[in-house]
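Below: the structure, in structure tokens.
Model, not experiment: these values are computed from the prediction.
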Amino acid sequence: MTSASVNPPYGLVANLNGERHKPALGFFAFIVIAHWAEHIAQAYQVYVLNWPLPEARGVLGVPFPWLVTSEWMHYGYALLMLVGLVLLRRGFTGRARTWWNISLGIQVWHHFEHFLLLMQVIIGANLLGGPTPRSIIQLLVPRLELHLFYNAIVFVPMVVAMLLHRKPDSQERATMACTCAHERVS
């Protein structure tokens with residue numbers, strides 16, 4: 001039995017980082033931007049429309065208020081982001097991989113904070129005996145602003161990675177297994 005038959009390059013991760021990398025990144029970007037839109041809508045509701053924070057629930061949270069108050073939903077999104085960043089990482093090379101890794105590292109922390117929030121709900125005991133579940137950084141920064149910040153610092157290096165990935169230098173292009181790069185104009 002050859003090593004190729006033990007570890008074929010045709011699995012899900014190989015496919016997502018090879019011929020399916022471009023559509024997978026597009027789908028992932030759609031999910032990320034939709035989530036961003038929810039946070040921006042909520043901030044707009046608070047800071048522009050002067051809605052009280054409990055009423056400012058973003059776009060989907062207005063018809064479905066349980067979405068905003070569900071730690072399961074927030075944790076699920078943080079986990080989805082983490083999984084997406086891990087699954088699509090192999091397709092990046094060079095400078096793009098560095099920026100993708102930065103985004104991934106920040107998301108690991110963001111995921112941990114959501115895990116901490118979820119555990120407080122499950123256990124029924126809040127951090128430092130507080131009235132509501134809180135993450136570590138939330139002890140210093142309100143949740144609305146903190147999540148805008150977290151989403152920004154995960155999103156920005158992810159976008160930089162995607163832009164660099166689309167315009168690789170010749171060394172990076174030579175090691176790419178996908179077709180994400182723009183055609184070179186000579």
Side-chain angles (χ1 to χ4, degrees), residues 7-44 57-61 63-64 66-68 70-118 135 137 143-169 171-184:
N7 249 337
Y10 303 107
L12 173 67
V13 175
N15 233 346
L16 287 175
N17 288 286
E19 65 185 49
R20 300 276 181 229
H21 201 233
K22 193 173 185 176
L25 283 174
F27 180 71
F28 186 61
F30 173 80
I31 291 169
V32 171
I33 290 168
H35 184 250
W36 242 124
E38 285 293 327
H39 282 288
I40 291 169
Q42 185 183 34
Y44 181 84
R57 298 184 292 252
V59 177
L60 292 176
F64 308 107
W66 61 269
L67 284 174
V68 175
S70 168
E71 286 302 338
W72 281 101
M73 192 272 307
H74 291 283
Y75 175 76
Y77 176 75
L79 182 61
L80 178 66
M81 278 289 298
L82 184 61
V83 168
L85 286 164
V86 168
L87 282 178
L88 297 171
R89 179 178 176 269
R90 235 189 257 175
F92 290 90
T93 61
R95 299 164 301 152
R97 168 78 71 96
T98 299
W99 284 96
W100 194 262
N101 287 343
I102 291 167
S103 183
L104 174 59
I106 296 165
Q107 185 59 28
V108 166
W109 175 259
H110 187 193
H111 170 265
F112 168 74
E113 293 258 288
H114 276 290
F115 180 75
L116 182 61
L117 288 164
L118 181 62
S135 66
I137 305 299
R143 188 170 180 149
L144 172 66
E145 292 81 0
L146 179 60
H147 280 87
L148 281 171
F149 175 71
Y150 273 146
N151 283 285
I153 65 172
V154 170
F155 184 71
V156 169
M158 184 179 5
V159 169
V160 171
M162 287 182 177
L163 291 173
L164 289 171
H165 186 60
R166 299 278 301 198
K167 296 186 181 223
D169 63 27
Q171 253 186 324
E172 293 162 343
R173 185 181 294 270
T175 60
M176 291 175 71
C178 64
T179 59
C180 295
H182 287 298
E183 292 297 318
R184 269 193 261 177

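Not one N or O on the side chain of E71 forms a donor-acceptor pair closer than 3.5 Å with the backbone of H114. In this structure, the side chain of E172 engages the main chain of R95 through a donor-acceptor pair within 3.5 Å. In terms of modelled atom types and a separation under 3.5 Å, the side chain of N17 and the main chain of L87 share a donor-acceptor contact. Within the 3.5 Å criterion, the main-chain N or O of R97 finds no donor-acceptor partner in the side chain of R89.
When every heavy atom of S135 is checked against every heavy atom of E113, the shortest pair comes out as OG-OE1, 2.8 Å. Between A29 and M162, the shortest heavy-atom contact is CB-CE, 4.2 Å. Shown here for C178 and G91, the closest heavy-atom pair between the two residues is SG-O, 4.2 Å. Contact between I106 and I153 at its shortest, heavy atoms only, is CD1-O, 3.1 Å. Closest heavy-atom contact between G58 and A41: CA-CB, 4.0 Å. Between C180 and R166, the closest heavy-atom pair is O-CD, 3.3 Å.
Taking the six-membered ring wherever Trp is involved, the centroid distance between the rings of W72 and Y75 does not fall below 6.0 Å.
Distance check: L118 CG to H111 NE2 gives 9.0 Å after rounding to the nearest 0.5 Å. Here CG of L163 is found 11.0 Å from CH2 of W99. Values are rounded to the nearest 0.5 Å. Atom OG1 in T93 sits 9.5 Å away from atom CG in L164 (nearest 0.5 Å). In this structure, the separation between OG1 on T179 and NZ on K22 is 6.0 Å, given to the nearest 0.5 Å. We find the CD1-CG distance between I40 and L148 to be 7.0 Å, quoted to the nearest 0.5 Å.
Residues I137 and F149 fail the side-chain proximity criterion, which asks for heavy atoms closer than 4.5 Å. Between L117 and R143, some side-chain heavy-atom pair lies under the 4.5 Å cut-off. The shortest side-chain heavy-atom distance between L104 and V154 does not fall under the 4.5 Å cut-off. F28 is not listed as a side-chain neighbour of I33, based on a closest heavy-atom distance of 4.5 Å or more. Put simply, the side chain of L79 does not reach to within 4.5 Å of the side chain of F115, judged on heavy atoms. With contacts defined as side-chain heavy-atom distances shorter than 4.5 Å, the pair H182/K167 qualifies. Here the side chains of M158 and W100 are in contact, with some heavy-atom distance below 4.5 Å.
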Open item on the list: Before you tell me yes or no, could you show the steps for R57 and L67 under side chain to side chain contact (heavy atoms under 4.5 Å, CB included), namely the whole-Å CA-CA distance, both residues' side-chain angles and the distance that decides it to 0.1 Å?
Closed with: CA-CA 8 Å; R57 298 184 292 252; L67 284 174; over 6 Å; no
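Ring geometry for W66 versus F64: interplanar angle over 60°, hence perpendicular rather than tilted (30 to 60°). Taking the six-membered ring for Trp and thresholds of 30 and 60 degrees, H147 and H74 have ring planes inclined between 30 and 60 degrees apart.
Across F155, Y77, Y150, a single residue satisfies ring pair (Phe, Tyr, Trp, His ring centres under 6.0 Å) together with H35, and that is Y77.
Of the N and O atoms on the side chains of H21 and H165, at least one donor lies less than 3.5 Å from an acceptor on the other residue.
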